[in-house]
Amino acid sequence: MFYIGVDLGTSAVKLLLMNEKGQIKNVVSKEYPLYFPKPGWSEQNPEDWFKETMDGLKELLKDKDKSQVAGISFGGQMHGLVILDDQDHVIRPAILWNDGRTTKERDYLNEVIGQDTLSKYTANIAFTGFTAPKILWVKENEPENFKRIHKIMLPKDYLAYKLTGVFCTDVSDASGMLLFDVKNRCWSKEMIEICHIKEEQLAKVFESYESVGCITEEIAKELGIPETVKVAAGAGDNAAAAVGTGTVGDGQCNISLGTSGTVFVSSKNFGVDDYNALHSFDHADGSYHLMGCMLSAASCNKWWMDGILKTKEYSKEQEAITKLGENTVYFLPYLMGERSPHNNPNARGTFIGMSMDTTREEMTQAVLEGVAFALRDSFEVAKSLGINIERTKICGGGAKSPLWKKIIANVLNIKVDVIESEEGPGLGAAMLAAVACGEFKDVEEAAAKIVKVTDTIEPEPELVALYEKRYKTFAKIYPGVKDVFDILQED
């Protein structure tokens with residue numbers, strides 16, 4: 001049998017075809033536009049997602065036995081606000097996870113409603129990227145659009161709705177809306193009232209591995225696949241990536257180096273850190289997880305290589321970097337503001353420490369190290385909760401770099417396990433579909449049978465010591481320039 005994983009990313013949708021043994025039989029990627037109508041704003045058209053997903057599914061299944069397709073599921077960019085009217089028309093472009101327009105609404109939620117109250121209702125505090133502040137923004141700035149809202153969706157759930165006609169979401173993605181009672185895995189009635197919406201405007205909530213229904217007759221006919229194909233609820237991209245890397249069960253860790261960067265720690269028990277520096281969300285395996293999220297990770301390297309150095313030779317640029325732990329140049333990777341642990345949309349990317357003899361290689365190295373240091377910021381919060389992390393899986397586009405993996409292993413002083421497949425969210429989504437179809441009894445069994453570690457990068461004591469000193473310096477830079485970021489925003 002075949003299981004399809006749909007990874008709805010920020011720049012493209014990536015579709016993966018997996019058989020019942022976990023072997024990947026095909027991968028297809030389709031890009032779509034990303035719009036920045038104002039500085040700090042980030043939007044996409046949901047219709048573009050659906051069009052490219054359908055085109056991608058057709059290409060994915062070309063020359064394959066379509067009758068063998070049994071299930072489909074999703075991993076998707078989180079927090080985006082998709083709103084439909086009573087005719088199921090998209091009211092306005094989706095406001096994405098990395099959009100920073102909701103500072104006023106975030107401050108209202110955190111300061112007027114109060115962080116302790118938010119944490120009590122949802123296990124989290126407000127961040128500009130979360131969905132609830134976006135809803136309040138629409139109410140304040142686009143009141144006519146707000147009045148037309150009939151359905152409120154997350155990005156991947158728009159695809160599920162178009163494929164099945166079922167208005168659904170899953171616990172992991174819903175956790176990032178600031179409308180969801182994470183501990184009890186249900187909508188928060190208090191937050192619904194605070195956001196001036198109704199519960200019927202929100203989707204029915206499923207566990208990530210549960211079937212929400214089957215594809216519609218129209219979709220089955222267009223794709224040439226059986227009408228019995230089940231659609232599983234799926235998961236937010238990071239939870240899906242965690243499934244795809246086997247980061248399930250208790251005390252497992254995964255680092256994702258995608259457009260954004262995350263430190264993801266799975267847990268059987270619900271927990272919240274004292275300062276809500278980490279997100280406390282439901283996991284796709286039926287349990288919980290803590291997650292630190294930085295808004296710009298591999299995208300920092302892409303910006304530096306493509307936009308500044310004007311090159312696509314990523315590997316070649318890294319070949320000359322040999323003096324690890326000795327760089328005097330630092331980079332704050334806050335190109336889109338920052339979430340964990342600073343919660344500051346005004347933060348910006350910053351180089352510091354250059355001199356007349358600073359080289360191109362040192363600047364490139366600083367970008368890679370800056371992302372690693374920022375990941376460690378979240379890692380330190382997890383450690384403060386008594387969580388002992390000795391090793392991590394790693395996935396995402398940045399994980400293709402041997403140098404970057406080595407830097408991360410030594411900055412965090414943990415073993416970094418490389419898995420056979422680099423298709424984290426897509427593979428995780430396909431695994432969720434397989435569980436929904438009964439191929440595996442649960443997510444942990446699927447991970448145990450499918451995910452294979454092929455290499456481990458060990459930290460080196462001498463490098464660890466050098467990076468420990470560097471990190472302590474890095475940790476002083478943001479507090480030193482924070483007020484400058486606020487002044488720049490006023491300008």
Side-chain angles (χ1 to χ4, degrees), residues 1-10 12-30 53 56-57 59-61 64 68-78 156 159-160 170 172-173 208-209 229-249 252-259 262 264 266 283-286 289 298 392-400 416-437 439-440 442-455:
M1 305 303 292
F2 288 141
Y3 302 97
I4 297 172
V6 180
D7 174 16
L8 183 70
T10 311
V13 61
K14 201 168 188 179
L15 304 105
L16 177 147
L17 188 66
M18 181 189 85
N19 68 11
E20 71 280 358
K21 296 179 181 178
Q23 298 168 330
I24 298 173
K25 294 300 181 181
N26 199 10
V27 176
V28 169
S29 183
K30 295 287 185 180
T53 297
L57 286 168
E59 185 176 334
L60 186 76
L61 297 171
K64 298 293 189 297
Q68 293 299 299
V69 177
I72 300 174
S73 191
F74 316 91
Q77 50 168 298
M78 298 179 69
K156 77 172 193 333
L159 295 182
D170 84 286
S172 72
D173 217 359
S208 301
Y209 50 80
V229 171
K230 290 183 178 180
V231 176
D237 51 6
N238 290 295
V243 172
T245 59
T247 310
V248 297
Q252 300 295 308
C253 183
N254 180 58
I255 289 173
S256 176
L257 279 180
T259 301
T262 59
F264 185 110
S266 62
H283 194 3
D285 65 357
H289 73 267
T392 185
K393 307 283 180 52
I394 193 165
C395 67
K400 296 177 182 178
V416 175
D417 291 326
V418 180
I419 60 171
E420 185 176 56
S421 170
E422 297 174 344
E423 307 292 345
L427 178 60
M431 291 163 64
L432 292 172
V435 173
C437 292
E439 192 71 58
F440 305 98
D442 56 29
V443 177
E444 288 191 49
E445 181 186 74
K449 291 187 175 181
I450 292 174
V451 180
K452 298 176 177 63
V453 174
T454 59
D455 188 24

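- Taking every heavy atom of both residues into account, F74 and A233 meet most closely at CD1-O, 4.0 Å.
- With sequence neighbours left out, K230 forms a side chain to side chain contact (heavy atoms under 4.5 Å, CB included) with S211, C214, C437.
- Counting heavy atoms from C-beta outward, D285 and V243 have side chains that stay 4.5 Å or more apart.
- The two residues A240 and G75 make their nearest non-hydrogen contact at CB-CA, 3.7 Å.
- For S421, the side chain to side chain donor-acceptor pair (under 3.5 Å) test picks out no residue, with sequence neighbours left out.
- When all heavy atoms of T53 and V13 are compared, the closest pair comes out as OG1-CG2, 3.7 Å.
- To the nearest 0.5 angstrom, M78 atom CE is 12.0 Å from T10 atom OG1.
- For E439, the side chain to side chain donor-acceptor pair (under 3.5 Å) partners two or more places apart in sequence, or in a different chain, are Y3.
- Residues V453 and K393 form a side-chain contact, since some pair of their non-hydrogen atoms from C-beta on lies under 4.5 Å apart.
- L16 places none of its side-chain heavy atoms less than 4.5 Å from the side chain of D7.
- The nearest pair of heavy atoms linking S256 to N238 is CB-OD1, 4.1 Å.
- Partners of D170 under the side chain to side chain donor-acceptor pair (under 3.5 Å) rule, at least two apart in sequence or in another chain, are K156, S172, S208.
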Could you walk me through whether C395 and I419 pass the side chain to side chain contact (heavy atoms under 4.5 Å, CB included) check?
-> CA-CA 8 Å; C395 67; I419 60 171; 5.5 Å; no
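- Between the CD1 atom in I450 and the CD atom in E420 there is a gap of 11.0 Å [rounded to 0.5 Å].
- Residue pairs meeting the salt bridge (Lys or Arg N to Asp or Glu O under 4.0 Å) criterion with at least one member in residues 17-30, sequence neighbours excluded: K30-E59.
- Every residue two or more places apart in sequence or in another chain was checked for a side chain to side chain donor-acceptor pair (under 3.5 Å) with S266, and none qualifies.
- Nearest heavy-atom pair, L432 versus S73, reported as atom, atom and distance to 0.1 Å: CB-OG, 4.0 Å.
- In this structure Q68 satisfies the side chain to side chain contact (heavy atoms under 4.5 Å, CB included) test together with M1, F2, D65, sequence neighbours excluded.
- Between F264 and H289, the two ring planes are parallel [angle under 30°; tilted spans 30° to 60°].
- Rounded to the nearest 0.5 Å, atoms CD (Q77) and CG (D237) are 7.5 Å apart.
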Residues L61, I4; criterion side chain to side chain contact (heavy atoms under 4.5 Å, CB included); working and verdict = CA-CA 10 Å; L61 297 171; I4 297 172; 4.2 Å; yes
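- Note that CD1 of I255 and OG1 of T245 are 10.5 Å apart. Values are rounded to the nearest 0.5 Å.
- Between M431 and V443, the closest side-chain pair of non-hydrogen atoms is not below 4.5 Å.
- Annotation: side chain to side chain contact (heavy atoms under 4.5 Å, CB included) contacts of K400 (sequence neighbours excluded): E422.
- Shown here for A242 and V248, the closest heavy-atom pair between the two residues is O-CG1, 4.4 Å.
- D417 contributes atom CG, which lies 15.0 Å from atom NZ of K452 (distance to the nearest 0.5 angstrom).
- Residues satisfying the side chain to side chain contact (heavy atoms under 4.5 Å, CB included) criterion with N26, sequence neighbours excluded, are L17, V28, L60, K64.
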